[in-house]
Amino acid sequence: MSADAIAAWLFSRTTGGVRWGLERTQQMLAGVGDPHRRFAALHIGGTNGKGSVAACCEAVLRGAGHRVGLYTSPHLVSFAERIRIDGHPVDEALLAECVEALRPGIEASGATFFEAATAVAFLCFARAGVELAVVEVGLGGRLDATNVLQPLAAAITTVALDHTEYLGESLEQIAREKAGILKPGVPAVTGVADAGLLEVLRAEAARMGAPLRVLDEVAPVEAVRVGVEGTTFTSRSAAWGEHAVRTPLLGEFQARNAALAAELLALLPEGLRPAWVEVERGLAAVRWPGRMQLERVRGTTWLFDVAHNPAGVQALTAALDALGEALPRPRVLLAGVLADKDWRTMLPPLLARVDAAILTIPPTAPPARRWDPEAAARALEPHAVPVRVIPHFAAALSRATTLAPHGTVLVTGSVHTVGDALAELGLGAG
């Protein structure tokens with residue numbers, strides 16, 4: 001089976017919404033010999049930034065000579081992107097082999113898509129001889145399928161309002177769910193800066209007996225500069241000392257993500273902990289598609305960012321402001337947002353920073369979650385800039401190109417929008 005055929009079979013298990021609990025994942029893994037116990041792991045949760053932190057850690061560890069697995073979600077173009085081994089999407093033969101081995105357990109347990117995908121990833125890592133896996137939490141933390149791991153160290157990036165129907169209506173409730181990945185004796189670090197939320201995380205860490213470090217206390221990030229070539233900053237780390245750091249990831253928030261990754265790596269035991277020169281080299285080489293990804297195609301500058309909630313848009317607009325005139329005009333927004341996201345809050349700050357906008361529907365968006373761009377355009381009137389509604393995605397991309405032949409097209413609003421645009425433009429995400 002191809003990766004896409006496997007994804008289709010797994011996606012058929014997406015019925016009845018999210019079902020919490022670790023028992024189905026534990027049952028599947030037990031049926032194939034508990035592969036998640038055959039490799040070491042780093043576990044990374046949070047509302048935004050966890051994928052970037054995971055990508056940074058993976059790049060450092062791989063550059064240091066370790067055989068590394070990376071499990072992230074969702075994917076942009078191909079399901080195989082979710083499961084990476086030594087920097088590459090999982091081999092389709094290994095993926096098919098692991099799916100077949102797990103098929104009886106998947107069917108017997110009634111596992112959801114994400115639970116099954118997580119079990120498949122862990123079996124792929126074990127059979128590929130991965131030494132250390134960097135694993136991103138899917139949703140929440142406490143009852144997320146990835147939380148069957150007993151990691152060497154953990155990180156919580158940020159806490160913001162998202163998935164409130166599952167995680168709680170308040171930031172404090174969401175913080176407690178995120179803190180569910182903390183485990184007795186397992187050191188952790190967080191990038192959360194809000195004093196009230198830190199109080200929640202510290203209380204949960206103390207209750208679990210998990211030593212918790214706070215980024216702004218152990219490695220303050222200073223002198224951040226953002227340009228089209230990347231982001232530079234100074235980190236004064238208790239673990240690594242004071243260093244100037246560069247990452248190709250764009251945005252002030254990516255400076256914090258890179259610094260958080262370095263502090264998470266500092267928690268690894270001797271033998272797995274990299275040297276600073278390896279941290280520096282890995283952070284300078286990391287690639288994380290779809291996150292402030294800048295491309296130039298036939299004279300047009302394209303900027304892809306998967307911002308899908310107000311906090312993500314806030315980070316995106318800060319990065320746009322930092323880049324300033326480095327992004328040529330005219331600037332056209334191409335936005336496709338899922339119906340259950342807060343597009344009323346997300347779109348106005350983006351419209352304030354472009355010269356025109358196109359609202360569209362990404363073709364891979366689940367039918368039940370597709371928004372009505374016509375209704376969104378009416379709800380946001382009056383517009384500061386011309387807003388066009390072009391539901392057909394390929395036509396919307398084409399129109400964006402004609403509106404900004406030598407300018408910038410900003411593609412954002414959801415992972416589906418960015419992934420579909422990368423595929424349509426032939427850019428891929430591998």
Side-chain angles (χ1 to χ4, degrees), residues 39-44 49-72 81 83-89 125 128-136 151-155 157 187 189 191 213 215 218-295 319 429-430:
F39 51 82
L42 292 175
H43 203 194
I44 302 166
K50 55 186 181 289
S52 296
V53 172
C56 287
C57 289
E58 188 272 346
V60 171
L61 292 166
R62 180 162 43 88
H66 298 291
R67 186 160 174 78
V68 185
L70 175 65
Y71 180 53
T72 59
E81 296 166 32
I83 307 168
R84 292 179 179 267
I85 298 171
D86 280 348
H88 301 288
F125 291 157
V130 161
E131 182 181 5
L132 196 152
V134 182
V135 177
E136 177 191 7
L152 295 176
T157 56
V189 61
R213 299 182 182 182
L215 179 66
V218 299
V221 174
E222 301 171 341
V224 180
R225 296 177 63 87
V226 181
V228 293
E229 299 302 321
T231 303
T232 60
F233 63 97
T234 299
S235 174
R236 292 188 292 109
S237 168
W240 302 110
E242 183 171 341
H243 295 279
V245 184
R246 178 192 171 275
T247 174
L249 303 180
L250 300 178
E252 185 171 352
F253 64 102
Q254 294 291 18
R256 291 183 64 83
N257 288 336
L260 187 65
E263 294 308 302
L264 177 57
L265 292 166
L267 299 179
L268 286 171
E270 197 72 30
L272 286 176
R273 178 180 171 175
W276 171 254
V277 66
E278 293 166 330
V279 174
E280 188 174 41
R281 186 169 61 230
L283 294 180
V286 65
R287 181 173 178 269
W288 191 222
R291 286 76 179 175
M292 287 297 294
Q293 178 182 350
L294 198 61
E295 303 282 352

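We use all heavy atoms of the structure for the numbers below, so side chains are in, but hydrogens, waters and symmetry mates are not.
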May I have the step-by-step check of side-chain contact (heavy atoms from CB on, under 4.5 Å) for Leu132 and Leu268, ending in yes or no?
CA-CA 11 Å; Leu132 196 152; Leu268 286 171; 4.1 Å; yes
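- Every residue two or more places apart in sequence or in another chain that forms a ring pair (Phe, Tyr, Trp, His ring centres under 6.0 Å) with Trp240 is listed here: Trp276.
- Rounding to the nearest 0.5 Å gives a distance of 8.0 Å between OG1 of Thr231 and CZ of Phe253.
- Between Arg67 and Ile85, some side-chain heavy-atom pair lies under the 4.5 Å cut-off.
- To the nearest 0.5 Å, the span separating CE on Met292 from CG on Leu250 amounts to 5.0 Å.
- Gly251 and Ala319 make their closest contact through CA-CB, 4.0 Å (heavy atoms, listed as atom of the first residue, atom of the second, distance).
- Remark: Leu152 CG to Leu265 CG distance equals 11.5 Å, nearest 0.5 Å.
- When all heavy atoms of His66 and Gly271 are compared, the closest pair comes out as CE1-O, 3.6 Å.
- Across all their heavy atoms, Tyr71 and Ile83 have their closest contact at CD1-CG1, 4.1 Å.
- The number of heavy atoms from other shown groups lying within 6.0 Å of CD (Glu252) does not exceed 12.
- Counting heavy atoms from C-beta outward, Val130 and Val68 have side chains that stay 4.5 Å or more apart.
- Residues passing the salt bridge (charged side-chain N to carboxylate O under 4.0 Å, His left out) test with Arg236 are Glu222, sequence neighbours excluded.
- Residues forming a side-chain contact (heavy atoms from CB on, under 4.5 Å) with Ala275 (at least two apart in sequence, or on another chain): Val277, Glu278.
- Under the salt bridge (charged side-chain N to carboxylate O under 4.0 Å, His left out) criterion, Arg256 pairs with Asp216, not counting sequence neighbours.
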Before you tell me yes or no, could you show the steps for Thr234 and Val245 under side-chain contact (heavy atoms from CB on, under 4.5 Å), namely the whole-Å CA-CA distance, both residues' side-chain angles and the distance that decides it to 0.1 Å?
CA-CA 6 Å; Thr234 299; Val245 184; over 6 Å; no
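- To the nearest 0.5 angstrom, Ile44 atom CD1 is 10.5 Å from Lys50 atom NZ.
- Looking only at distances, no side-chain donor or acceptor of Thr232 sits under 3.5 Å from a matching main-chain atom of Arg246.
- Minimum heavy-atom separation, Ala258 to Thr247: CB-CG2, 4.5 Å.
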Under 3.5 Å, which donor-acceptor pairs do the side chains of residues 52-61 form with other protein atoms, sequence neighbours left out?
{"from": "Ser52", "atom 1": "OG", "to": "Gln254", "atom 2": "OE1", "distance (Å)": "3.4"}
{"from": "Ser52", "atom 1": "OG", "to": "Gln254", "atom 2": "NE2", "distance (Å)": "3.2"}
{"from": "Glu58", "atom 1": "OE1", "to": "Arg62", "atom 2": "NH2", "distance (Å)": "3.1"}
{"from": "Glu58", "atom 1": "OE2", "to": "Arg62", "atom 2": "NE", "distance (Å)": "2.7"}
{"from": "Glu58", "atom 1": "OE2", "to": "Gly87", "atom 2": "N", "distance (Å)": "3.4"}

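- A donor atom on one side chain and an acceptor atom on the other are not found under 3.5 Å apart for Ser237 and Glu242.
- In this structure, Arg281 has no salt bridge (charged side-chain N to carboxylate O under 4.0 Å, His left out) partners at least two apart in sequence or on a different chain.
- Distance check, rounded to the nearest 0.5 Å: CG of Leu215 to CG of Leu264 gives 11.0 Å.
- At least one side-chain heavy atom of Thr72 sits less than 4.5 Å from a side-chain heavy atom of Leu70.
- Across Leu267 and Ala153, no two heavy atoms sit closer than the pair CB-CB, 3.8 Å.
- Contact record, Leu283 with Val286: O-CG1, 3.4 Å, taken as the closest heavy-atom pair.
- Distance check, rounded to the nearest 0.5 Å: CG of Leu294 to CD of Glu229 gives 8.5 Å.
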